[in-house]
Amino acid sequence: MGYSPVASDPLKKPQKRHSRSQLLVAIGALVVILGLALGLGLGLGLKHHTTSSPASSSSSNPPPPLVESPQTNFVLNGLQGQPPQTRSFFFTVAEATGAPDGASKPMLVVNGMYPGPTIEANQGDRVIVNVTNHLPNTTSIHWHGLFQNQTNFYDGTAAITECGIPPGQSLVYNFTFGDFSGTTWWQYLSDLYHTFSTVLLSQYLSPWGIDGTPGDEPVSDSGTLNGLGQWAGGGSYFNFTVDANKTYRIRLVNTGSFASIRFSIDNHPLTVIEADGTLIEPYVVSGVVIDVAQRYSVLIHTNSSQADGTFWMRSEVQTDMFTYDVPGQNNDIRGILRYSTATNTAALPTASDNPGPGVNNLNDMDTARLVPAVNDTPPARTRLYPATVALENTVDGRFLAFFNRTSWEPLQGTSTFLSVRNAGLAGSMYAPVGSSLQSPDQLLLTEDSIQVVDLLVNNLDDGDHPFHLHGHRPYIMGSGRGRYIGQGLNEVNPLRRDTVLIPAYSWTVLRFVTDNPGVWAFHCHISWHMASGLLMQVNSLPSKAAQLDVPQAIIDQCNVPTVGRA
């Protein structure tokens, strides 16, 4: 698996009913439907692979130049009212040379584009994506936020649900959306650091770290907004032209690897209406801080009286987790929102020392004030599992991340799902019910009946972690500073989302139901932390998972020798 920033389908007038399933796609880091990009991504299997970087192709021919993603890739077409149908797409994952922020670098792209193609679909639609791998490494695509009910093997997590697509081969992902609606994205390995991710990862995991301090994460050079950014006086601005006196829905996705991003538009308040696929009671704010892998929909009203009709869109990299500076680093990434009535279409917006709307003294979004628009009472808990997070040096001179004293290592030549399936077909269990450690380094929570699980995460680390649970949209039952010692939980309409930030030295309780057969990753979405082992797995209904109709291609992947994973 890897990451790909989702370039979102941008500006579109909102409908009264939000019933569309939309896979926003791009390759960058923060994606706004306007799309933001600030990205780099690491595959789940990178920790074990020490082969050459995917940027170092065995071919003597240089990679082709990058194709800039067209504006139409960021504007939704509008599929409301169409009956459920099959929508087919063809993706080619390959290398290219590009300079999205003005600095030339090797990149991983889909269909030659950065960001890659956007997918728009309705509830009940079947999506078929034929993915061909032209990289020198094994790769896979994860469909972030989708439940993959009955199709766990298409979740796209290398060494967990599949072994990955070998170089020169293809895999057809074929799944339905069910009742999913909202904003999400697909992922594969991508980056917008100026140094390729595998080089940085090797340094990060070493005893001396990136800057001589073990555990200091690689810091980005810059970022992009829908594939365009600025660095050292180069690059360009993504530009949206909108009509005045209308309402637009903007879908925001942070597809980066490390930092949170604050998004705002000068002189335009943002009305938050969605978080990770959950509809939110309208909440008007000045700006939105988006943690890695999170998604928000906001409404803007294009009714500003500013004479020139030209405004900065700002995606500001939040540097609170950075421990060192990168020469020439740009953390103020910008795009342009321009009214169609603007007379000078070449002019840049007026500079401002006060980013954001500054209207009526609005504050930035506070996640504690996100209230689901549809009341959803969580079921009563039947299981409680603790998970303690720590990052530390090991006796063998590595810096690794741990869940309950276990640092995840990817399986070789198989996947956890296939191991569970094979055991089930043989009449046994891959792992016992409950919490168990399977060799090598596979921490699993196994339930072979439908249970309501509270996953209690105690973050003992000095850094914040955006945790993502595949295949589910858990309730956030409660959180607080320090360790959990029995504090009360919120049983009344708690927020549901699949990616939640757990701050340093704090606890969070996530509640989910084990009604989705398969093996589901739970991991930190900071790429460096996941690659250093901060991942565990939920093994739901293994007896039912063993009976899933697994495509032969998924099984055959594991029989192909690999030279690394992207």
Side-chain angles (χ1 to χ4, degrees), residues 5-12 14 18 22 24 26 28-39 74 145 182-185 223-226 238 240 247-256 259-302 311-321 331-335 337 352 354-373 464 466 476 495 497-501 503 525:
V6 172
S8 24
D9 65 280
L11 310 175
K12 182 167 185 65
H18 307 288
Q22 301 178 71
L24 300 184
L30 176 63
V31 182
V32 207
I33 280 196
L34 312 193
L36 295 177
L38 187 234
F74 306 106
T183 307
T184 190
W185 54 303
T224 66
L225 179 80
N226 278 1
F238 187 86
F240 266 122
T247 299
Y248 290 88
R249 178 176 183 169
I250 302 177
R251 298 171 188 267
L252 306 169
V253 186
N254 182 346
T255 61
S260 302
I261 295 175
R262 180 188 184 273
F263 177 80
S264 66
I265 303 176
D266 288 5
N267 294 314
H268 289 77
L270 309 177
T271 302
V272 182
I273 61 167
E274 179 215 350
D276 291 6
T278 295
L279 293 179
I280 299 298
E281 291 287 350
Y283 172 25
V284 183
V285 300
S286 174
V288 174
V289 173
I290 312 164
D291 298 311
V292 174
Q294 290 185 333
R295 295 92 66 205
Y296 292 98
S297 283
V298 299
L299 302 181
I300 63 167
H301 306 294
T302 54
F311 311 88
W312 286 122
M313 294 187 295
R314 303 175 185 264
S315 53
E316 300 170 299
V317 180
Q318 305 300 283
T319 61
D320 52 307
M321 293 180 67
N331 295 317
D332 181 11
I333 316 304
R334 300 192 187 186
L337 184 77
S352 170
N354 182 26
V359 177
N360 299 326
N361 297 315
L362 287 173
N363 295 318
D364 276 3
M365 181 185 70
D366 178 357
T367 56
R369 296 185 60 186
L370 298 178
V371 178
D464 301 347
I476 304 175
L495 178 65
R497 68 183 315 167
D498 57 59
T499 306
V500 57
L501 185 76
H525 228 290

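Annotation: side chain of L370 is not in contact with side chain of T278 (no heavy-atom distance under 4.5 Å). Side-chain contact between Q294 and H525 is absent, with no heavy atoms from C-beta onward closer than 4.5 Å. A heavy-atom distance below 4.5 Å is not found between the side chains of Y296 and I280. With a 4.5 Å cut-off on side-chain heavy atoms, V285 and R369 do not count as touching. You'll find the side chain of I300 reaches within 4.5 Å of the side chain of L270, heavy atoms only.
Here the closest heavy-atom approach between residue I333 and residue G223 is recorded as CD1-N, 3.4 Å. The minimum heavy-atom distance between V292 and A259, with the atom names listed, is CG2-O, 3.5 Å. When every heavy atom of S264 is checked against every heavy atom of S286, the shortest pair comes out as CB-O, 3.7 Å. Minimum heavy-atom separation, P269 to L362: CB-CD1, 3.6 Å. The two atoms that bring S315 and I261 nearest to each other are CB-CG2, 3.7 Å, heavy atoms only. The two residues D291 and P466 make their nearest non-hydrogen contact at CB-CB, 4.5 Å.
Side-chain atoms of S260 and Q318 include no donor-acceptor pair closer than 3.5 Å.
One distance of note links CD1 of I290 with OG1 of T499; it measures 12.5 Å at 0.5 Å rounding. Interatomic distance, CZ of F240 versus OG1 of T302, reported as 13.5 Å (0.5 Å rounding). Here T247 contributes atom OG1 and H301 contributes atom NE2; the two are 4.5 Å apart, rounded to the nearest 0.5 Å. Rounded to the nearest 0.5 angstrom, I273 CD1 and I250 CD1 are separated by 10.5 Å.
Take D276 and apply the salt bridge (charged side-chain N to carboxylate O under 4.0 Å, His left out) test, not counting sequence neighbours, and it matches R295, R497. By the ring pair (Phe, Tyr, Trp, His ring centres under 6.0 Å) test, F311 pairs with H268, Y339, sequence neighbours left out.
Of the possible donor and acceptor atoms, one in the side chain of D364 sits under 3.5 Å from a partner among the backbone N and O of G287.
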Walk me through whether Y283 and D366 qualify under side-chain contact (heavy atoms from CB on, under 4.5 Å).
CA-CA 10 Å; Y283 172 25; D366 178 357; 3.6 Å; yes

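Test T271, V371, V272 against P282 for side chain to side chain contact (heavy atoms under 4.5 Å, CB included) and you get one pass: T271.
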